Structures are given as C-alpha cells and as structure tokens.
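Read through the structure below, which is laid out as structure tokens, and then see the notes.
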2 protein chains.
Amino acid sequence: MDYLDIKVKFLKGFADRTRLEILESIQIEEKTVLQIVGEIKGNQSNVSQHLACLKGCGIVTARQEGKFVYYSLRDEQVKSLLTMFDTVLGDVVQQVAACDKNDQCLCGKSELKCLTKRKKISP
Amino acid sequence: MDYLDIKVKFLKGFADRTRLEILESIQIEEKTVLQIVGEIKGNQSNVSQHLACLKGCGIVTARQEGKFVYYSLRDEQVKSLLTMFDTVLGDVVQQVAACDKNDQCLCGKSELKCLTKRKKISP
DNA sequence: CAAACATATTAGTTTGGACTAATATTTCAA
DNA sequence: TTGAAATATTAGTCCAAACTAATATGTTTG
C-alpha cells in the first residue's frame with residue numbers, strides 16, 4: 001500500500017452519495033448515529049458502515065459519550081476541503097450535468113449499450 | 001440528477017488510482033494520449049476511457065491538434081484542489097494507512113471474512 | 001441483574017465501474 | 001487515395017463496494 005493507494009482510499013471516502021449526505025448533516029455540529037440516520041434516508045446498519053468508512057479514511061472522528069457516539073468532521077482542513085469541492089464544482093456543474101444528458105462519457109452511468117457485434121475472443 | 005449526484009460524479013473522477021496517475025502525469029504540462037500511456041502502466045483503450053471520464057467530470061480538457069489530442073487539467077482551481085488533497089491528507093496518512101493494516105474498517109478492502117453463522121432470510 | 005436502547009458487525013446479494021480485446025474513426029503523409 | 005498512426009468506442013468479464021437483514025456488542029437505567 002503506497003501513498004497513491006492511501007490517497008485513493010481517502011478520496012473514495014468522499015465519492016459516495018450517502019457519505020456526502022452524512023458529511024453534510026454533520027458539517028455544522030457533531031451528531032449521533034441515530035440523529036444522522038434520521039436526517040438522511042437510510043437504515044442504521046448502512047449508516048454505521050459508512051461512518052466506519054469515513055473514520056477509516058480520516059474524514060471524520062468519533063467521540064463516545066455514554067451510549068451515544070458523536071461523529072464530527074475531523075478538522076478544519078476537511079471542512080475547507082468540503083467547501084472547496086463546491087467552489088471548484090461551481091465552474092463546471094453545467095458541463096458535468098450536460099455530459100450526463102448527452103453521451104459524451106459513460107462514467108457514472110448504468111445504462112447498457114449494445115450497438116454492434118464483435119467477434120468472440122478466441123480461446 | 002440533482003446537485004448532489006453531480007458532486008458525487010465529480011468526486012468519483014478523482015477516486016481512482018489510474019486516473020490519479022493520469023492527473024499526476026499532466027499536472028505540469030499537457031500531454032497526448034500516447035504520452036500518458038507511456039508514462040503510466042496501462043493500455044491505450046483503458047487510458048482513453050479514463051480520459052473521457054475525467055473530461056466528463058469536468059476535471060480535464062482536451063485540445064485537438066492534428067491527429068494528436070492534448071489533455072490538460074481544466075483550470076487553476078482543479079490544480080489547487082489536487083494540491084489541497086495532499087495537504088489535507090498529510091495530517092492523516094498515518095491513520096489511514098494504519099486503518100488498513102488493522103481491521104478498523106473494511107472500506108477499500110477486498111478480504112472476505114466469514115466468522116459466525118446466521119439464520120437464512122425467510123422467503 | 002435484566003431490559004431497553006444505541007451502535008457495530010456479520011453474511012449474502014446486487015450493482016457500478018475498471019479492465020481487456022476487438023474494432024471503428026479520424027487525421028496525416030507518401 | 002491508400003496506408004499508417006493516434007484516438008475513441010464497443011461488448012463482455014470480473015471485482016469492489018453499497019446495500020439489506022439478521023445478530024452481536026456495549027451502555028445506561030429500572
């Protein structure tokens with residue numbers, strides 16, 4: 001596991017809708033798991049797993065208080081990174097959205113396209 | 001496709017080892033597809049697809065000149081975002097790496113763990 | 001201590017997306 | 001204009017990871 005692998009893991013932490021929703025919900029203040037579950041749609045098990053992921057990626061921290069566990073953004077750096085995402089994205093939202101409507105790229109698409117026929121790979 | 005979906009797509013653009021390698025290779029100056037293929041291990045088809053993805057995510061731009069296509073980072077914003085990744089990651093590299101060694105989280109792991117037995121879900 | 005609540009962990013299923021091999025398209029040069 | 005070079009696109013395979021259902025663990029309060 002080299003530095004690049006770690007970087008990928010860190011970035012994958014952000015690259016999921018459910019996790020972004022979680023991060024949004026704790027952006028202002030720390031929340032318990034149940035509070036987060038209540039704010040975003042999703043069940044407790046799923047949220048718990050995503051929180052473990054975010055923690056493992058160094059994005060959030062957990063603080064236990066009695067039977068509650070409070071999750072919050074790791075530090076100010078992470079907070080400003082989240083802000084920067086929106087800033088940078090601001091310039092390209094239109095384009096990314098447009099790319100999705102047209103067929104300029106397939107990333108992030110689940111459509112299947114089967115247009116032509118090709119020879120089978122010989123064994 | 002709402003704003004959050006677009007944001008996820010944008011961030012997924014960064015969250016892949018091959019794409020990070022591509023971004024690294026064009027961080028200083030624009031490169032052709034073949035140049036990129038030469039710098040990172042990987043075949044032409046694969047790199048081409050990743051470049052299409054990066055373009056669709058608004059991370060890189062393409063400029064055609066004759067039979068060559070030069071790819072470069074979209075703008076200074078993207079460039080500084082890449083820099084910021086390293087900055088923020090700097091604080092947590094150790095932790096993320098450690099998480100991978102221990103079993104604190106499963107995200108980014110491909111190991112299978114089967115420890116206990118559970119009842120089958122009733123139909 | 002037992003019951004209730006909060007959270008975590010597991011196995012299994014399913015889906016998205018990274019990859020390869022083959023082929024198509026585009027552009028230049030002889 | 002034909003062939004070669006550069007790039008893009010396709011279909012198919014495979015694996016990582018997101019999800020669900022069930023259960024385990026941990027903590028407080030009666």
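To find a chain, count down the sequence lines: A is the first, B the second, and so on, and within it residues start at 1. Just so it is clear, the structure is predicted and the values come from calculations on it, not from any experiment.
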**Prompt:** Does anything in residues 10-68 of chain B pair up under ring pair (Phe, Tyr, Trp, His ring centres under 6.0 Å), and if so which pairs, sequence neighbours excluded?
**Reply:** B:Phe10-B:Phe14, B:Phe14-B:Phe85

**Request:** Return no unless some side-chain N or O of B:Ser45 is found under 4.0 Å from OP1 or OP2 of C:dA22.
**Result:** no

**Prompt:** Does A:Asn43 have a side-chain nitrogen or oxygen under 4.0 Å from the phosphate oxygens OP1 or OP2 of D:dT20?
**Reply:** yes

Rounded to whole angstroms, how far apart are [atom1] on [X] and [atom2] on [N]?
X: B:Asp5; N: C:dG16; atom1: CG; atom2: C1'; value: 14 Å
X: A:Asn46; N: D:dT20; atom1: CG; atom2: P; value: 6 Å
X: B:Lys9; N: C:dA18; atom1: NZ; atom2: P; value: 12 Å
X: A:Ile22; N: D:dA18; atom1: CD1; atom2: P; value: 11 Å
X: B:Gln44; N: D:dT9; atom1: CD; atom2: P; value: 11 Å

**Check against salt bridge (Lys or Arg N to Asp or Glu O under 4.0 Å), B:Lys12 and A:Asp16** = CA-CA 8 Å; B:Lys12 276 192 176 157; A:Asp16 175 86; 5.7 Å; no

[X] side-chain proximity, nearest of [options]:
X: B:Lys12; options: C:dG17, C:dT9, C:dC19; result: C:dG17
X: B:Asp16; options: C:dA18, C:dT20, D:dA22; result: C:dA18
X: A:Arg19; options: D:dT9, D:dA21, D:dA18; result: D:dA18
X: A:His50; options: C:dA21, D:dA18, C:dT7; result: D:dA18

**Donor + acceptor pair across side chains of B:Glu76, B:Ser80 (<3.5 Å)** = no

**Message:** I need the full list of salt bridge (Lys or Arg N to Asp or Glu O under 4.0 Å) pairs touching residues 87-96 of chain B, with sequence neighbours left out, sorted by first then second residue.
**Reply:** none

**Fill in**
So the salt bridge (Lys or Arg N to Asp or Glu O under 4.0 Å) pairs with at least one residue in residues 43-52 of chain B (sequence neighbours excluded) are none

**A:Thr61: partners by side chain to side chain contact (heavy atoms under 4.5 Å, CB included), with sequence neighbours left out** = A:Ser72, A:Arg74

**Item:** Under the side chain to side chain contact (heavy atoms under 4.5 Å, CB included) test, residues paired with A:Gln64 that sit two or more places apart
**Value:** A:Val69

**Complete:** Hits for salt bridge (charged side-chain N to carboxylate O under 4.0 Å, His left out) against A:Asp75, two or more places apart or cross-chain, chain-then-number order -> none

**Item:** Any residue of residues 29-41 of chain B with a heavy atom less than 4.0 Å from an atom of DNA chain C
**Value:** none

**Request:** Could you identify which residues of residues 63-73 of chain A place a heavy atom less than 4.0 Å from some atom of DNA chain C, listed by residue number, or say none?
**Result:** A:Lys67, A:Phe68, A:Val69, A:Tyr71

**Request:** State whether the distance check finds a donor on one side and an acceptor on the other, under 3.5 Å, for side chain A:Gln49 versus base C:dT7.
**Result:** no

**Complete:** Assert: residue with more 5' nearest nucleotide on DNA chain D, out of A:Thr18 and B:Ser48, is B:Ser48

With a cut-off of 3.5 Å and sequence neighbours excluded, list every side-chain donor-acceptor pair involving residues 20-27 of chain B.
unit_1: B:Glu21; atom_1: OE2; unit_2: B:Arg17; atom_2: NE; d: 3.3
unit_1: B:Ser25; atom_1: OG; unit_2: B:Ile22; atom_2: O; d: 3.1

